[in-house]
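As structure tokens, the structure follows; a few thoughts come after it.
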Amino acid sequence: MHHDLITRNPLCRTLGLALAVGAALSLGACAGSGGSLGGDGGGWWKETTPIVDQGAIDTTGGDGITIERLLSSGTPVADALTGMGPMVRAFNAHVTTLSNPYFEGRAPGSRGIELASEYIRFYFNMFGLEPVVPMDGGSELSFEHNFTVKGELVVHSASASYAAGHLDNALGDDEFSPLGFSGSEEVEGAPIVFVGYSMDEGKDGYTSYDEGADLTGKVAMILRFEPMDEAGKSLWASENEGRWTMNAGLMPKINAAIKRGAAGVILVNPPEADDPRAGRLLTADRSGYNLDLDGPAIMLSTEAAEALVLAGDAEGRSLLDLRKLADSGEAKTIELHSTFSASVDLEQQEITTHNVAGVLPGKGSLAGEYVVVGAHYDHLGYGRYGSRAADPAGKIHPGADDNASGTAGMLIAAQRLSKAYAAMPEDAEARSVLFLAFSAEEMGLIGSKEFVDAGILSPGEMYCMLNMDMIGRVRDKELQVGGLGTGEGLEEFVMPYLDGSGFDVTTNQSGWGPTDHTSFNAAGVVVLNFFTGLHREYHTPDDTASTVNRAGGAAVSTLISDIAYGLAVRDETMAHIDKGPRPSPGRTRAKVRLGIAPGNYASDEPGVEVGDVFEGTTAAIAGVLKGDRIIRWGGEELSDVMGMMEHLGDHKPGDKVRITVVRDGKEIDLDLVMKAREGGGLDAFMAGSHETGHAHHPDDGHDHGEDEPEIN
């Protein structure tokens, strides 16, 4: 019956035609993707010359296209949508709606994500799905599975003062700021110790501490950045490394003081530092690092710190004098004859958010087993975490592909399967199908993990989990499907669907990856994951509905719903197989950036396919080209993207390494000179959120434009 569903569907049967028509759909063409769907970029929407001179009256709307020109152009979008069928129209409606700025980028805690949740529940009700989540342990059921995540860091109160000799100076609001890693603690009259850059070890054996240095009961005054020259520039950073080296990272500095018993921390911008951040204070919400500091942590303005040092240093030296001693490594800890008092009261607020879950009841003896069809519906909101944009804060990140497209696919699957189940005979045998929209995926797969841990369904009740994350950017008919090795007989069952789909499918055996299926695989559930590839708009404000391929997304959604139906009515049992290496916990903190976007995360072919190369990066300078496959790194065979990330983690800026790429069937050796990471970069895709398992995670509160080690 599942094969009948495939052949009946015009999008699967005539996918090539649908994709060709997709090029004519201006809203559905994949802008700038370079794929066959985008056409040559021409057409009426590229016209920039008004055909009527209206003088001083602007009738073009600011885009150079006159009203008359628009009226004479016909209705290509409406015509294309009408001709491409109901599934394309449904996919278009869902993606366009969910990625509208009105939904505010769907970050947990926002009104926008609540609206998105209502939208999903509306369609669950329309399709006849039933609630499945027990409410407060009772018998009443809900569509909402609630859980909490970290929210805003709120400063309830903060005060700071220092005393030196007869001077007792209370600091004003413009002179200090409480830091987000502060303990909600107070310290009274603690001695202040200048510890320079507070480094356990820097370049060429540099250290800020003598052996056995003890800060117990003392407050450590720490300089930001790293040793610098007379011009305020790093003494250690090479031309390829950017402004500072990895040694400038803030977290290791604080930890170095904590492990020596510091009762509190004073952070200071070094005077005359050549850095635009040197003139401003960090705030609590921009410094919420996960650090185990029992005492208060504040940042002093350079001027306030200067006054403190002049009042307390026995030799009358200035803060600049002490900075220069720290630059040269001549001085380690310096006792300032002064004391510090501070009180900080911080609250890490919690946000209640929820997954949305609806079940299509099964039939007969199989009804107690479940096929799970999932997608995350959250995104990055106003760009305060997880963004790849240069200046993201306050800008809506619509998340059209990531992951309004997957949510649209899940809703289409719910629509199609509810109709198919309604048409089943009374004596049919079919598993129940649970449709799940996850929240807080962008904060570290939190929603999917919370659902698995909640025990609403046991792993034994879940027959298979199908996940859709970023299925809206089909290019050249390419589709990546992972997890085929996670179930006994799964690959043999799924391959006929994939072979007959019209897609150019790349498969992977592993059940691990940077999205929600990982939570289910870890619990022993068979999984499949569907993905149409990375792009430059990923995690930026430019991931808008205009870049989505409607025809391709509808075709992927149809294929997935057909596979889900087939699994639901399949007679055989299917044991889980733990396939593929389990990802390491935490983030891969590479000091260097290669500068590529991997072209494929699902391939079982050894090596790393290069999907894009970014200008001015290590890869671009070395001559790596889009379409290359990197097969060896430093003479060692390269297995996959994770292997590449491990190699990157072993390098520092300035290192030289030879790689081998396959280009047009020939092996070519290229020499890399590694450049430092400066943030962004899609090769960081495996080193953060959608990255090592969306275990990216920004709910650590890091300000990735400040002292995050990866970019300094």
Side-chain angles (χ1 to χ4, degrees), residues 150-195 198 218-225 250-251 253-254 257 262-273 275-289 291 293-313 318-320 322-323 336 338-349 382 384 391 393-394 701-708:
K150 289 182 179 179
E152 185 179 359
L153 190 62
V154 177
V155 181
H156 292 298
S157 64
S159 62
S161 64
Y162 65 86
H166 299 295
L167 178 66
D168 195 345
N169 187 31
L171 296 167
D173 291 343
D174 60 340
E175 295 179 296
F176 84 101
S177 173
L179 295 171
F181 56 81
S182 175
S184 286
E185 302 287 346
E186 62 180 313
V187 65
E188 186 70 32
I192 303 172
V193 181
F194 177 80
V195 296
S198 188
K218 301 175 182 179
V219 172
M221 177 182 281
I222 298 172
L223 294 177
R224 209 170 169 188
F225 310 132
L250 180 56
M251 291 175 68
K253 294 169 175 281
I254 307 303
V265 165
I266 299 171
L267 182 67
V268 179
N269 281 318
E272 300 184 9
D275 190 292
R277 296 167 291 178
R280 62 179 186 260
L281 296 173
L282 274 172
T283 57
D285 64 331
R286 304 285 281 178
S287 56
Y289 306 102
L291 295 169
L293 178 64
D294 291 332
I298 62 105
M299 187 171 188
L300 278 186
S301 69
T302 305
E303 295 75 18
E306 172 74 10
L308 188 160
V309 169
L310 286 172
D313 182 62
S318 68
L319 181 61
L320 180 60
L322 297 190
R323 191 214 87 184
L336 298 176
S338 54
T339 59
F340 192 71
S341 299
S343 175
V344 176
D345 182 9
L346 294 175
E347 179 189 0
Q348 177 68 70
Q349 293 187 334
Y382 286 91
R384 293 186 174 90
D391 184 23
H702 291 348
D703 173 6
H704 296 281
E706 294 288 342
D707 287 288
E708 173 66 8

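Heads up: numbering here begins at 1 and tracks the sequence. When reading the values below, keep in mind they use all heavy atoms of this one structure, side chains included, and skip hydrogens, waters and symmetry mates.
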How many angstroms lie between [atom1] in [X] and [atom2] in [Y], if you round to the nearest 0.5 Å?
| X | Y | atom1 | atom2 | value |
| --- | --- | --- | --- | --- |
| Arg280 | Ser301 | CZ | OG | 14.5 Å |
| Leu223 | Phe194 | CG | CZ | 4.0 Å |
| Asp168 | Thr339 | CG | OG1 | 7.5 Å |

Considering only heavy atoms from C-beta outward, does the side chain of [X] approach that of [Y] to under 4.5 Å?
| X | Y | result |
| --- | --- | --- |
| Ser318 | Leu310 | yes |
| Leu322 | Met221 | no |
| Phe181 | Leu250 | yes |
| Ile298 | Phe340 | yes |
| Arg224 | Leu282 | yes |

Output, in order, the C-alpha distance, side-chain angles, deciding distance and verdict of side-chain contact (heavy atoms from CB on, under 4.5 Å) for Phe225 and Asp275. CA-CA 9 Å; Phe225 310 132; Asp275 190 292; 3.7 Å; yes

Assess the residue pair Ile254 and Met251 against the criterion (side-chain contact (heavy atoms from CB on, under 4.5 Å)); give the C-alpha distance rounded to whole Å, side-chain angles, the decisive distance to 0.1 Å, and a yes or no. CA-CA 5 Å; Ile254 307 303; Met251 291 175 68; 6.0 Å; no

For the pair [X] (side chain) and [Y] (backbone), establish whether a donor and an acceptor sit closer than 3.5 Å, ignoring hydrogens and angles.
| X | Y | answer |
| --- | --- | --- |
| Ser177 | Met299 | no |
| Gln349 | Lys150 | no |
| Glu306 | Leu319 | yes |
| Asp294 | Gly183 | no |
| Thr302 | Asn269 | yes |
| Ser182 | Ala297 | yes |
| Ser198 | Lys253 | yes |

Locate the shortest heavy-atom distance separating [X] from [Y]; write the atom from each residue and the value.
| X | Y | result |
| --- | --- | --- |
| Ala170 | Ser161 | CA-CB, 3.7 Å |
| Leu300 | Ala305 | CD1-CA, 4.0 Å |
| Gln348 | Gly151 | NE2-O, 2.7 Å |
| Glu175 | Leu281 | C-CD1, 4.2 Å |
| Ser338 | Ala164 | CB-CB, 3.8 Å |
| Arg323 | Glu272 | NH1-CB, 3.9 Å |

Would one find more than 12 heavy atoms of other residues, nucleotides or ligands at under 6.0 Å from atom CD of Glu188? no

